[in-house]
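The structure appears below as structure tokens.
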Amino acid sequence: MIVSNAMQTAIRGRWAVAAIFFANGFLTGSWAPQIPVFLTRLDISKFTLGLLILLFGAGAVTAMTWCGHLISKHGSRTVLRWFGLCGSLGLLVVALAPNVPLAAIAMFIFGGSIGGMDVAMNANAVVVERKMSRAIMSSSHGFWSLGGFAGGGLGGFAIQHYGHLAHAAVVTVLAFAAIAMAVGYLVAEDRPQAVEHHKFTLPANPLVYLIGLMALLTMISEGAVLDWAALYLRQELGADLAVAGLAYAAFSGVMAIMRFFGDGVRNRFGAVTTLRGSAVVAAAGMLVAGLSPSPWLAIAAFALCGFGIANMVPIIFSAGGNQEGMSSGTGMSVVTTMGYSGILVAPSAIGFVAEHSSFGPIFIAMAMLLIVVLLMAGLAHRAEFAPAPAE
């Protein structure tokens, strides 16, 4: 079988963007085991930590807003190159911060680099899908989860034996090397689209905001595991640092495996049925984690939650990008912005609550949010598989 030059370029671009998804997940997952050290190193309360995480989210949302505008002008490949290379330095900047004021600045920068990189790599994955005429989004998110698994799984061990700064330095070198090798193979849009109106206008269709709400509720749960599971195991269930880091690693590892099977499952059972089943499993896992009396049972429960959440986000994003009466970019921008605010901003509120409560009831509340997504799953019918429209 002869493969055209264009298809070969698209295939290389597919693996290049997969490498960047992995690097982004590796950086994010490596932050999770740094959190308990960050708390004690700066001698801050959970409330202050919540504020710093809020700054991470504020930086991400700020960058995501500008990233869409930059992509419309320069294309996803160029924007991803810059955000990717700069983003690889973010964790090291946070690890070097010696006090709370500088940590606040570092967290804003780290969040901005990760958020901008996230939007650009998802946009570039869409470009690859169009060139290959097949879906790669679920597996791309699978590489992100695989990176999170590697970062979270190795991070606790590395910090415990070599220190937080050495860990951050090694993560930075590995991420920078991976991104630097990948950016040369990224594919570009055939031609940057002309933008008639640079001013952002909100779509009138209310359904896209309900889809965005589903993304928000799902990603609040994902953000809760990322930012607080290690601290939950460490402070309330008595786990040591290395074991505490396994909570997010188990969550991400199982999520990665399921995302690689996600497209096949969705094609066989349909988007709505897959979303409903996934929500039930995710809610059950989060509930058991919140009620768990031991760290190892909690780790297993977080893994079950990752099994469920794995394909919820790709299906919801696909539904947002396929709404009638609006471009795929407009629908996707609303849903992704609402969704990522859940994983980037909402966990800071959990810190405020945890200051006066324990984490167990918080994870039980996350299970209730996932039940709401289950009840709304029928709204995702636009995510049923269909060939991408020609542009």
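Just so we're clear, the structure is a prediction, and the values are computed from it rather than from any experiment. All residue numbers in this chain count up from 1 along the given sequence.
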Apply side chain to side chain contact (heavy atoms under 4.5 Å, CB included) to Thr218 and Glu222, showing your working.
CA-CA 7 Å; Thr218 302; Glu222 188 173 343; 5.5 Å; no
Walk me through whether Ser140 and Arg14 qualify under side chain to side chain contact (heavy atoms under 4.5 Å, CB included).
CA-CA 9 Å; Ser140 294; Arg14 186 265 178 280; 3.9 Å; yes
Check step by step if side chain to side chain contact (heavy atoms under 4.5 Å, CB included) holds for Leu287 and Leu370.
CA-CA 10 Å; Leu287 180 63; Leu370 292 167; over 6 Å; no
With side chain to side chain contact (heavy atoms under 4.5 Å, CB included) as the test, would you mind laying out the steps for Trp296 and Leu246 before giving the verdict?
CA-CA 9 Å; Trp296 289 107; Leu246 294 177; 3.8 Å; yes
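Heavy-atom contacts from other residues, nucleotides or ligands closer than 6.0 Å to CZ of Phe38 number more than 12. Counted within 6.0 Å of OH on Tyr185, heavy atoms from surrounding residues, nucleotides or ligands total 12 or fewer; the atom is thus considered open. Counting non-hydrogen atoms of neighbouring residues, nucleotides and ligands closer than 6.0 angstrom, the CZ atom of Phe149 reaches no more than 12 such neighbours.
Distance check, rounded to the nearest 0.5 Å: CD1 of Ile35 to CH2 of Trp228 gives 7.0 Å. A distance of 13.0 Å separates CZ in Arg81 from CD1 in Ile179, rounded to the nearest 0.5 Å. Of the inter-residue distances, the one linking Asp240 atom CG with Leu233 atom CG reads 10.0 Å to the nearest 0.5 angstrom.
For residues 116-141, the set of pairs meeting the ring-ring contact (aromatic ring centres under 6.0 Å, His included) definition, not counting sequence neighbours, comprises Phe21-His141. Every pair passing side-chain hydrogen bond (donor to acceptor under 3.5 Å, both in side chains) that includes a residue from residues 15-32 is listed here, sequence neighbours excluded: Asn24-Trp144, Trp31-Asp227. Listed by first and then second residue, the side-chain hydrogen bond (donor to acceptor under 3.5 Å, both in side chains) pairs involving residues 269-288 amount to none (not counting sequence neighbours).
Residues satisfying the side chain to side chain donor-acceptor pair (under 3.5 Å) test with Ser145, not counting sequence neighbours, are Arg259. Remark: Leu174 engages Phe26, Val170 in a side chain to side chain contact (heavy atoms under 4.5 Å, CB included) (not counting sequence neighbours). Residues that satisfy the ring pair (Phe, Tyr, Trp, His ring centres under 6.0 Å) test with Phe22, not counting sequence neighbours, are absent from this structure. Residues passing the ring pair (Phe, Tyr, Trp, His ring centres under 6.0 Å) test with Phe157 are His161, sequence neighbours excluded. Remark: Ser252 pairs with Tyr248 by the side chain to side chain donor-acceptor pair (under 3.5 Å) rule, at least two apart or across chains. For Phe363, the ring pair (Phe, Tyr, Trp, His ring centres under 6.0 Å) criterion is met by Tyr232, Phe302, not counting sequence neighbours. Remark: Gln34 engages His167 in a side chain to side chain donor-acceptor pair (under 3.5 Å) (not counting sequence neighbours). Applying the ring pair (Phe, Tyr, Trp, His ring centres under 6.0 Å) test to Phe269 and every residue at least two apart in sequence or in another chain returns nothing.
Side-chain atoms of Asn311 never come within 3.5 Å of backbone atoms of Leu275 as a donor-acceptor pair (strictly under, hydrogens ignored). In this structure, the side chain of Ser45 engages the main chain of Thr48 through a donor-acceptor pair within 3.5 Å.
Across Gly87 and Leu27, no two heavy atoms sit closer than the pair O-CD1, 3.6 Å.
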Could you go through residues 96-119 and list every donor-acceptor pair under 3.5 Å that involves a side-chain atom there, pairing it with any protein atom two or more places apart or in another chain?
residue: Asn99; atom: OD1; partner: Leu102; partner atom: N; Å: 3.0
residue: Ser113; atom: OG; partner: Ile109; partner atom: O; Å: 3.3
residue: Ser113; atom: OG; partner: Phe110; partner atom: O; Å: 2.8
residue: Asp118; atom: OD1; partner: Asn122; partner atom: ND2; Å: 2.9
residue: Asp118; atom: OD1; partner: Tyr340; partner atom: OH; Å: 2.8

